[in-house]
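In this chain, numbering begins with 1 at the start of the sequence shown.
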Amino acid sequence: MNYDQKIDFITEGETSDGYGGVTPSETVELSTWAAIEQLKQSRSIEQVQMKLPSTYRVKVQVREGFYPTVNMRVKWNGQKFNILTSPVVENVRLKKEWIFDICQS
């Protein structure tokens with residue numbers, strides 16, 4: 001498994017603009033390398049008509065003190081993705097990795 005895709009785990013919020021308003025902001029919680037693969041979806045006519053977004057499976061090495069949650073988003077290739085599934089820790093050759101699914105928002 002090659003960790004060959006650079007991703008950022010981000011949280012989004014708002015910051016004051018100094019004039020009584022707010023502007024959207026994002027905070028990078030962790031930048032890391034990941035293995036990403038597109039999940040196969042059935043090509044039924046209903047799915048094509050609904051234009052369902054592509055779903056990807058992401059695998060990253062576990063980092064001490066960091067836990068990805070479904071409230072975070074993933075930034076990959078300049079696009080933002082929602083985390084769909086709670087990350088699960090898998091043991092892979094004595095290394096631990098988080099495995100979860102994302103889709104474009």
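- Put simply, the side chain of Gln5 does not reach to within 4.5 Å of the side chain of Trp33, judged on heavy atoms.
- Tyr67 and Ile83 fall within a single hydrophobic cluster, where Ile, Leu, Val, Met, Phe, Trp and Tyr side chains are chained together by heavy-atom contacts under 4.5 Å.
- Under the 4.5 Å side-chain heavy-atom criterion for grouping Ile, Leu, Val, Met, Phe, Trp and Tyr, Tyr56 is connected to Val70 within one hydrophobic cluster.
- Every residue two or more places apart in sequence or in another chain that forms a side chain to side chain contact (heavy atoms under 4.5 Å, CB included) with Val62 is listed here: Val89, Lys96, Trp98.
- Inter-residue side-chain proximity for Ile7 and Val58 is flagged as met; some heavy-atom pair is nearer than 4.5 Å.
- For the atom pair CG (Leu39) and CG (Asp101), the distance works out to 5.0 Å, reported to the nearest 0.5 Å.
- At a threshold of 4.5 Å between non-hydrogen side-chain atoms, the residues Phe100 and Val88 do not count as touching.
- Of all the heavy atoms in Ser31 and Val28, the pair that sits closest is OG-CG1, 3.6 Å.
- Look at Glu26 and Lys75 and you find a salt bridge, because one of the NZ, NE, NH1 or NH2 atoms lies within 4.0 Å of a carboxylate O, short of that distance.
- Phe9 is listed as a side-chain neighbour of Thr32, based on a closest heavy-atom distance under 4.5 Å.
- Contact check for Phe66 versus Glu29: side-chain heavy atoms found under the 4.5 Å cut-off.
- Asn82 has its side chain out of reach of Ile102: every pair of non-hydrogen atoms, C-beta onward, lies at least 4.5 Å apart.
- Within the 3.5 Å criterion, the main-chain N or O of Asn71 finds no donor-acceptor partner in the side chain of Arg73.
- Between Lys80 and Ile10 there is a side-chain heavy-atom pair separated by less than 4.5 Å.
- The line from CG of Leu30 to CG of Asp8 is 8.0 Å long, rounded to the nearest 0.5 Å.
- Note that the CD atom of Gln38 and the CZ atom of Arg57 stand 12.5 Å from one another [nearest 0.5 Å].
- Across all non-hydrogen atoms, the minimal contact from Pro87 to Pro68 is CG-O, 3.2 Å.
- Thr15 and Ser25 form no side-chain donor-acceptor contact under 3.5 Å, judged by distance and modelled atom types alone.
- The side chain to side chain contact (heavy atoms under 4.5 Å, CB included) test applied to Gln79 returns Phe81, Gln104, not counting sequence neighbours.
- Residue Val22 belongs to no hydrophobic cluster, having no ILVMFWY side-chain heavy atom closer than 4.5 Å to its own.
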